[in-house]
Every structure is written in structure tokens, then in C-alpha cells.
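Worksheet: the structure to be examined is printed underneath.
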Amino acid sequence: MDDFIWVAAIFIALPWIVLHYITRWKTAATITTDDEVLLDELYQLAKRLDERMDTVERLVAADNPEYTAPKLIHDREIDNEKLRELDRMLAEKKGQRQ
């Protein structure tokens with residue numbers, strides 16, 4: 001009887017536990033539609049805030065000719081590259097949904 005318990009534990013219980021937690025892990029790692037909507041809203045908010053910062057920098061630069069913002073210059077390619085990449089990804093995703 002002892003041998004049967006060990007065989008059952010090794011060949012039935014152990015794989016069942018491992019497979020159970022693997023499926024739990026895979027289902028927990030997915031992003032829901034609510035999460036996608038929230039991320040899209042946060043992205044749109046970040047874009048608006050970026051545009052506002054550009055406006056504030058232009059206004060400050062117009063009032064004070066000595067002002068320079070080395071990290072936040074609107075026309076630098078490196079600053080806007082990630083936003084353009086996200087725009088492309090969102091456009092592709094919306095195209096796939098339709």
C-alpha cells in the first residue's frame with residue numbers, strides 16, 4: 001500500500017499540481033480589454049501632457065530669450081520617436097480589429 005501512495009503521488013499528484021499552476025500562470029499573464037482601454041487612455045493623456053509641455057516651453061522661451069530646455073526640445077527626433085512607434089502600433093491594432 002505504501003508503494004501505491006508513492007507512485008500515485010509521483011505520477012498523478014505532482015504533474016497535476018505543476019500543470020494546475022502553469023495554467024494559472026498563463027491565464028494571469030494576459031491583458032484584459034479593460035486594461036487595454038486604460039492603457040489607451042493613459043497614452044492619450046500622456047500625449048496631451050506632452051503637447052502642453054511643448055506649449056509651456058514655447059511661451060517661456062518667448063518671454064525669456066535666455067531660457068533653454070535641453071531635454072525637452074519639441075523638434076528633436078529622439079524625443080518623439082517612441083510616441084510615433086506607439087501611434088503606429090495602435091493604428092495597426094485598430095486596423096486588425098475592423
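Side-chain atoms are counted along with the backbone in the values below, which use heavy atoms only and exclude waters and symmetry mates. Small disclaimer: the values here were computed from a predicted structure and weren't measured.
- The shortest side-chain heavy-atom distance between Glu36 and Leu39 does not fall under the 4.5 Å cut-off.
- Atoms CD and CG, from Glu85 and Leu90 in turn, are 11.0 Å apart once rounded to the nearest 0.5 Å.
- Here the CG atom belonging to Asp50 is positioned 9.5 Å from the OG1 atom belonging to Thr55, to the nearest 0.5 angstrom.
- Not a single side chain to side chain donor-acceptor pair (under 3.5 Å) links Asn64 to another residue, sequence neighbours left out.
- Val7 and Ile10 end up in the same hydrophobic cluster when Ile, Leu, Val, Met, Phe, Trp and Tyr side chains are linked at under 4.5 Å.
- Here Leu42 is tied into one hydrophobic group with Leu38, each link being a pair of ILVMFWY side chains closer than 4.5 Å.
- Residue pairs meeting the ring pair (Phe, Tyr, Trp, His ring centres under 6.0 Å) criterion with at least one member in residues 17-65, sequence neighbours excluded: Trp16-His20.
- Under the rule for a ring pair (Phe, Tyr, Trp, His ring centres under 6.0 Å), Trp6 has no partner lying at least two apart in sequence or in another chain.
- Scored by the salt bridge (charged side-chain N to carboxylate O under 4.0 Å, His left out) test, Asp40 finds no partners at all (sequence neighbours excluded).
- Residue Val37 is found outside any hydrophobic cluster, as its side-chain heavy atoms come under 4.5 Å of no other Ile, Leu, Val, Met, Phe, Trp or Tyr.
- Counting only heavy atoms from C-beta outward, the side chains of Met53 and Leu49 never approach each other to under 4.5 Å.
- Distance CD1/Ile17 to CG/Leu19: 10.5 Å, rounded to 0.5 Å.
- In this structure, Glu57 CD and Leu59 CG are separated by 10.5 Å, a value rounded to the nearest 0.5 Å.
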